[in-house]
Amino acid sequence: MARKIPLDKVRNIGIIAHIDAGKTTTTERILFFTGRTYKIGEVDEGTATMDWMVQEQERGITITAACTTCYWKDIRINIIDTPGHVDFTVEVERSLKVLDGAVVVFCGVGAVEPQSETVWRQADRYHVPRICFVNKLDRTGSNFSQVIDQICSKLGAHAAAVQLPYGEEENFKGVIDLIERKLVLYKDEAGKELESLELPAEVLAKAEHYRNILLEKLAEVDANIMDKFVHAKEISILEIKDAIRRHVIDNKFVPVLCGSALRNKGIQLLLDAICEYLPSPLDLPPIKGIEPESGNFEEIEASSDAPLCALCFKIATDPYVGRIHYLRLYSGRISSGTYVYNATQRIKERLTKLVQMHANRQEIIEEAETGDIVAAVGLKETKTGDTLCAEKNPILVEAIRFPEPVLQQAIEPKTKQDQDKLGLALHKIEEEDPSFKVTYNQETGQTIIAGMGQLHLEIVIDRILREFNVEAQVGAPQVAYRETISKKVISTGKFIQQTGGRGQYGHVVIEMQPQEIPGAGITFTDKIKSGAIPREFIPAVKQGIMGSARSGCLAGYPVTDVAITLIDGSFHEVDSSELAFQMAAALAFNDGLKKAAAIILEPIMDIEVIVPEEYMGTVIGDLNSRRAKIVSLSTRVNLRTIRAYVPLAELFNYATVSRSLTQGRASYIMEPSYYAEVPANIVEKIISGFASSGPLRKTL
C-alpha cells in the first residue's frame, strides 16, 4: 500500500528551550503561517492553542507537552511544544526520545540560561539533530552575537549564524540571509508579506564577515567546503545548504537563525530551515530494539511495509474518552479497531480508535504509518515506555529515563467520601506523569506524593481539586532525602522457623558496597557457585533486598547507590521456600545497612540568580547562610548573575525572600543537580523530624 505522504517529506520536531524564551509563541506563529490556525493565540492572554490546560492559561507557562501537525510547502511537520520549567523536564525527556529533530529557542537578552543547558544535554543524550532560533531580538538589551558566543562556549556546540538581524532592539526590521546574500524585510505587522532585496551597502562588510565564519565552521567538518574555501573557489548556495543539512543530521553542526516571534518576524525562514536542514525518519540511522526471547539487538527499518514497531511515550486522561496513549511509529502501520502486541507487558491489546492530536483536540483517523506521531484510544494495560509491535515480530525499544522526585508532601482526603476519589485521582496522575510518585507511609498512616518541585506539586494539587473534585488537605513540602552506605561490608541473613509441621529456612550472605557512579541506584549481582542456593530462589532474594531498600535504617528514607552481590548461602531440601529467602535477604540487607556506616543524602540544586548590581552582596550573603557553594559570577547587560549549588532544604520560599531582599527586582531559576551527604549537625534534626512528622497544615 502506498504512503499518503512520502516519508522523506515528514519532519518530527520539538520546540525546546529555557522558560520564557518564547517556545509557545514561536509554535503559535508556526501554526498561523502554515494555515493550521486562522488566528494567532497569545500566551499572555491565555489564548495560545498549545497551552490548553486551565493552569497553563492562568500562569502563562507550558506544563504539558502538546502535539500538533501542520504543513509547509510540501512537507508535513509534526510538532511537540515542550515546557521550559525545570519541574516539568520529564515532558522534554520523553518528547526528545521520539523526535527526529529539534528547534532550540534562545532569548536574545537572556542568551544561554540554565534550563537551556539542561534541554541541550537531553538532546545530546538522545542524539537529536537541532537548529537554533534566537528570539526576542526586538527587546532592549538583545545581543545576537553574544547568544552565538554562549552557544559555542557554554554548550560546546559547533555553531554559526546563517542569518543576522537587520536593525537592533526596537529597530529590528528584518533578517539578513547570509547564504543567499539577501535582505528579507516585512511589509506588514502580521509578517505575512515578505520582500527579498539586495544587501544594503552599510551591512555588506558585516554580512561577509559572518558568512566567512559560517564557511570556516562548515569547512572544519566538510572536506568539499574545506577544499573550495582554502583555494578561494566560489561555493554555491546549493553546496552550502547541502553541507549544512548533512552535518546537522550528523550532529556535527548547528545553524543559528534569528527573529522575533511576538512581532511575527523570522518565522517563515525558520519553517524553511526546518524543512531544509532537519532530518526525515529516512535520514537517521535505524533505531535498535531488543528481541525479547534471545536478547539480541535488531535494527528497526523505517518503512511502512516492515512489521509494526511503536513506542508509547505519553499518557493523558480525556474526560470523555478516558486514557489517550501517544504513540510514535518507527516502522509498519496501524489501523483503528485492530489488535496490537505489547512486547513490554507481553499481552495483546485492542486499539479501538486512532486520533491525530491538535493540542487537546482530536481528529479521528483510520490509519497511521511509519514516522507518524498519533494517539490511540482503548489500550488498557499499556504504560509509558511500552513497545507495541506485531505479535509475530516482537521487539523492545529502549525505555525512557525518568528523573527521581526531589520534593514530597503528605496528602489526605477531607471526608470519607473523598477517600476513593483521591486514590483514583492520584492513580490517574501517576499514570500520566512518571516523575510523580505516590507512596503510603506505614508508620504515620499518610499518603505521600512526590514530585520535581513546589510548582509541580502545586499543579498536581490544583488538578486534584478542579479536575477530580476532591477536597483534600496537604502538609508542608518536605525534601525527598535518600540514604546510602559509606563503606563495604559483608552481611548474613538467616530466617529459620519451626512450627511443628513444615518449617521455613533461608540463609543468604551478601556483599554491600557504595556505587562507584553516583545515581546508579540499587544493583543486584548473583555470584552464587556450586548451587549453594537453588536458582529458583534467587529472584526471591532480589525481591527481599529491593523491598527493604524502600526504607533505610536512619530515618526511613529510600536507600540508593548501593551495589549488592549475593556471594553465599544455604538451603534446606524441605523447609526452604521463596518467602524464607525473601525474609533472609531483607534481614541481611538491614543488618548490612547498620554495619556499613549509613549516611543521609540530600538533593543539591543548581540555582542561577539574576540581580541588579546594588543587591549582589546582599543576595550572596543570604545564599551563604543557606549553605550555598558559589560557582560563578557573571555580567548580563546591566545585571549580575550568581550561579551556585544550594541544598533544596534551604530554598523553601526562596521566591518570597529574594523579592524582599531586592525590592522585587531579582529573578532565579533552579534545577536538581546531584545528591550529597548531609552535614552531621543537620542529620540529627532530620532524624528527629522524621520520627515526629508534623500535622497537615495547608487546606485546599
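Since this is a predicted model, take the numbers as computed values, not measurements. Note: hydrogens, waters and symmetry copies are ignored here, and every other heavy atom, side chains too, is used.
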*Would Ile334 and Asp372 count as a side chain to side chain contact (heavy atoms under 4.5 Å, CB included) if you check the C-alpha gap in whole Å, the side-chain angles of each, and the deciding distance to 0.1 Å?*
CA-CA 10 Å; Ile334 195 170; Asp372 287 349; over 6 Å; no
_salt bridge (Lys or Arg N to Asp or Glu O under 4.0 Å) between Arg323 and Glu431, worked out_ = CA-CA 10 Å; Arg323 286 189 300 175; Glu431 271 190 337; 2.7 Å; yes
*Using the side chain to side chain contact (heavy atoms under 4.5 Å, CB included) rule, take Tyr341 and Arg346 through it: C-alpha gap first, then chi angles, then the decisive distance, then the call.*
CA-CA 7 Å; Tyr341 181 67; Arg346 303 199 175 196; 3.6 Å; yes
_Run Asp561 and Thr484 through side-chain hydrogen bond (donor to acceptor under 3.5 Å, both in side chains) and show every step you take._
CA-CA 6 Å; Asp561 290 354; Thr484 191; 5.5 Å; no
*Using the side chain to side chain contact (heavy atoms under 4.5 Å, CB included) rule, take Ile538 and Phe524 through it: C-alpha gap first, then chi angles, then the decisive distance, then the call.*
CA-CA 10 Å; Ile538 302 297; Phe524 175 80; 4.0 Å; yes
*Check the pair Asp575, Ile496 against side chain to side chain contact (heavy atoms under 4.5 Å, CB included), reporting the backbone distance first and the verdict last.*
CA-CA 9 Å; Asp575 292 348; Ile496 304 171; over 6 Å; no
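If you take CD1 on Ile411 and CD1 on Ile448, they are separated by 10.0 Å, rounding to the nearest 0.5 Å. Taken to the nearest 0.5 Å, the CG atom of Leu311 stands 5.0 Å off from the CD1 atom of Ile400. Note that the OG atom of Ser435 and the CZ atom of Arg94 stand 7.5 Å from one another [nearest 0.5 Å]. Here CD1 of Ile459 is found 10.0 Å from CG of Leu457. Values are rounded to the nearest 0.5 Å. The distance from atom CZ of Phe581 to atom CD of Gln504, rounded to the nearest 0.5 Å, is 10.5 Å. Expressed to the nearest 0.5 Å, how far CD1 of Ile324 lies from CE of Met357 amounts to 4.5 Å.
The neighbour count for Lys380 NZ, taken as heavy atoms of other residues, nucleotides or ligands under 6.0 Å away, does not exceed 12. Under a cut-off of 6.0 angstrom, the local environment of CZ in Arg350 is crowded, with over 12 non-hydrogen atoms contributed by other residues, nucleotides or ligands. Annotation for Lys97: atom NZ counts as buried by contact number, over 12 foreign heavy atoms lying within 6.0 Å. At most 12 heavy atoms of other shown residues, nucleotides or ligands fall within 6.0 angstrom of atom CD in Glu366.
Residues forming a ring-ring contact (aromatic ring centres under 6.0 Å, His included) with Tyr645 (at least two apart in sequence, or on another chain): Tyr674. Applying the side chain to side chain contact (heavy atoms under 4.5 Å, CB included) criterion to Ile347, with sequence neighbours excluded, gives Asn342, Gln345, Glu349, Glu381. For the ring-ring contact (aromatic ring centres under 6.0 Å, His included) test, residues two or more places apart in sequence or in another chain that qualify with Tyr481 are Tyr557. Residues that satisfy the side chain to side chain contact (heavy atoms under 4.5 Å, CB included) test with Asp622, not counting sequence neighbours, are Ser625, Arg626, Tyr654, Val657, Leu661. Residues satisfying the ring-ring contact (aromatic ring centres under 6.0 Å, His included) test with Phe436, not counting sequence neighbours, are none. Every residue two or more places apart in sequence or in another chain was checked for a side chain to side chain donor-acceptor pair (under 3.5 Å) with Ser486, and none qualifies.
Annotation for Arg328 and Val98: closest pair NH1-O, 2.6 Å, computed over non-hydrogen atoms. Across every non-hydrogen atom of Ala17 and Lys23, the tightest pair is N-CD, 3.2 Å. Contact between Ala555 and Ile600 at its shortest, heavy atoms only, is CB-CD1, 4.3 Å. Listed here is the closest heavy atom pair of Val470 and Lys421: CG2-CB, 3.7 Å. Between Thr352 and Val377, the closest heavy-atom pair is OG1-O, 2.8 Å. Considering every non-hydrogen atom in both Ala343 and Cys389, the closest pair reads CB-SG, 3.7 Å.
You'll find the side chain of Glu458 stays beyond 4.5 Å of the side chain of Ile461, heavy atoms only. Taking 4.5 Å as the limit, some side-chain heavy atom of Ile373 sits within range of a side-chain heavy atom of Asn12. With contacts defined as side-chain heavy-atom distances shorter than 4.5 Å, the pair Leu99/Ile80 qualifies. For the pair Pro647/Met605, no side-chain contact is recorded, criterion being any heavy-atom separation below 4.5 Å from C-beta on. The side-chain heavy atoms of Ile364 and Lys353, taken from C-beta on, include a pair separated by under 4.5 Å. You'll find the side chain of Thr523 stays beyond 4.5 Å of the side chain of Ile564, heavy atoms only. Counting heavy atoms from C-beta outward, Arg550 and Pro558 have side chains that stay 4.5 Å or more apart. With contacts defined as side-chain heavy-atom distances shorter than 4.5 Å, the pair Tyr675/Ile604 does not qualify.
For Thr69 and Asn78, the side-chain atoms include at least one donor-acceptor pair closer than 3.5 Å. Looking only at atom types and distance, the side chain of Thr317 has a donor-acceptor partner in the side chain of Glu432 under 3.5 Å away.
Annotation: cation-pi geometry satisfied between Lys348 and Tyr339 (NZ/CZ under 6.0 angstrom from ring centroid, within 45° of ring axis).
Listed for the Glu602 side chain is no donor-acceptor partner under 3.5 Å among the backbone atoms of Ala676. Checking side-chain atoms of Asn590 against main-chain N and O of Ala586 turns up a donor-acceptor pair under 3.5 Å. Side chain of Asp386 to main chain of Lys383: a donor-acceptor pair is present (N/O by atom type, distance under 3.5 Å, no hydrogens or angles). Using a distance-only test at 3.5 Å, with no hydrogens or angles considered, no donor-acceptor pair links the side chain of Glu483 to the main chain of Ala598. Although no hydrogens or angles enter the test, the distance criterion places no donor-acceptor pair under 3.5 Å between the side chain of Glu363 and the main chain of His358. Ser491 places no side-chain N or O within 3.5 Å of a backbone atom of Phe589 that could act as its donor or acceptor partner. Thr338 contributes a side-chain N or O that, together with a main-chain N or O of Ser335, makes up a donor-acceptor pair within less than 3.5 Å. In terms of modelled atom types and a separation under 3.5 Å, the side chain of His507 and the main chain of Phe495 share no donor-acceptor contact. With Thr344 contributing its side chain and Thr387 its backbone, the two residues share a donor-acceptor pair below 3.5 Å. Without hydrogens or angle criteria, Asp418 side chain to Pro413 main chain gives no donor-acceptor distance under 3.5 Å.
A salt bridge links Glu93 and Arg125; the closest N-O separation between the charged side-chain nitrogens and carboxylate oxygens is under 4.0 Å. A salt bridge links Lys314 and Glu91; the closest N-O separation between the charged side-chain nitrogens and carboxylate oxygens is under 4.0 Å.
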